[in-house]
Amino acid sequence: MLRVTFISSVGTARTVEGDVGQSVMEVARRNGVEGIVAECGGSCACATCHVYVDADWVDVVGAPPADETDMLDFVFDRRPESRLSCQIRLLPALDGLIVHMPDRQN
Ligand code: FES
């Protein structure tokens, strides 16, 4: 199991566990983490799974591919560390990943 910590916009941290191959969005939804709407179910078509990757993890997670970058144009308060959580697949190197939730989704 791999750990992912979600930090709310008011600073409340919640650490949950997921499996290799799951997306960060799936881990959030299966554990009832608030703030990830994921209207499209993970097909990179809604931008309601927006998160900010913690500064210590940006290089590990990497940059978004072109289709995700296009969809990120639709999120509220986009930042350099913005990612769509449905497009981040858990790998062993991401054990301990920290993401921050936006104030609101679209
Ligand atoms: Fe729709 Fe991520 S769940 S873009």
Side-chain angles (χ1 to χ4, degrees):
M1 299 295 272
L2 306 176
R3 293 166 298 119
V4 180
T5 297
F6 296 86
I7 300 179
S8 76
S9 59
V10 295
T12 304
R14 180 160 176 224
T15 299
V16 297
E17 293 184 332
D19 295 317
V20 170
Q22 282 187 310
S23 72
V24 172
M25 176 277 282
E26 291 170 330
V27 173
R29 297 286 293 166
R30 290 183 182 181
N31 288 281
V33 175
E34 292 187 14
I36 302 287
V37 180
E39 285 178 351
C40 77
S43 57
C44 197
C46 73
T48 61
C49 63
H50 177 213
V51 295
Y52 303 115
V53 176
D54 189 84
D56 289 342
W57 285 93
V58 167
D59 289 342
V60 181
V61 172
D67 59 340
E68 183 184 341
T69 298
D70 290 345
M71 191 54 61
L72 282 165
D73 287 340
F74 296 97
V75 305
F76 177 75
D77 192 18
R78 181 178 180 175
R79 302 175 190 171
E81 65 273 26
S82 288
R83 290 292 310 265
L84 297 179
S85 59
C86 70
Q87 301 303 302
I88 304 172
R89 291 280 162 196
L90 287 184
L91 301 169
L94 294 181
D95 185 25
L97 174 67
I98 300 170
V99 297
H100 300 261
M101 312 298 287
D103 282 343
R104 63 181 174 93
Q105 296 287 359
N106 291 4

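Numbering starts at 1 and runs along the sequence shown. Hydrogens, waters and symmetry mates play no part in the numbers below; they use all other heavy atoms, side chains included. First listed ligand is number 1; within each ligand, the first listed atom is number 1.
Under a 3.5 Å cut-off, the side chain of D54 and the backbone N or O of D56 do form a donor-acceptor pair.
Neither L84 nor Y52 shares a network with the other; the hydrophobic side chains, linked directly or stepwise wherever heavy atoms of I, L, V, M, F, W or Y lie under 4.5 Å apart, form separate groups for each. Linking ILVMFWY residues whenever their side-chain heavy atoms come closer than 4.5 Å, directly or via other members, leaves F74 and V37 in distinct clusters.
Ion pair R30/E17 not flagged as a salt bridge, since none of the NZ, NE, NH1 or NH2 atoms sits closer than 4.0 Å to an Asp/Glu carboxylate oxygen.
Protein N/O/S atoms closer to atom 1 (Fe) of ligand 1 than 2.8 Å number 2 in this structure.
By the side-chain contact (heavy atoms from CB on, under 4.5 Å) test, R78 is found to be paired with T69, L72, D73, V75, S82, residues two or more places apart in sequence or in another chain being considered.
To the nearest 0.5 Å, the span separating CG on D95 from CE on M1 amounts to 10.5 Å.
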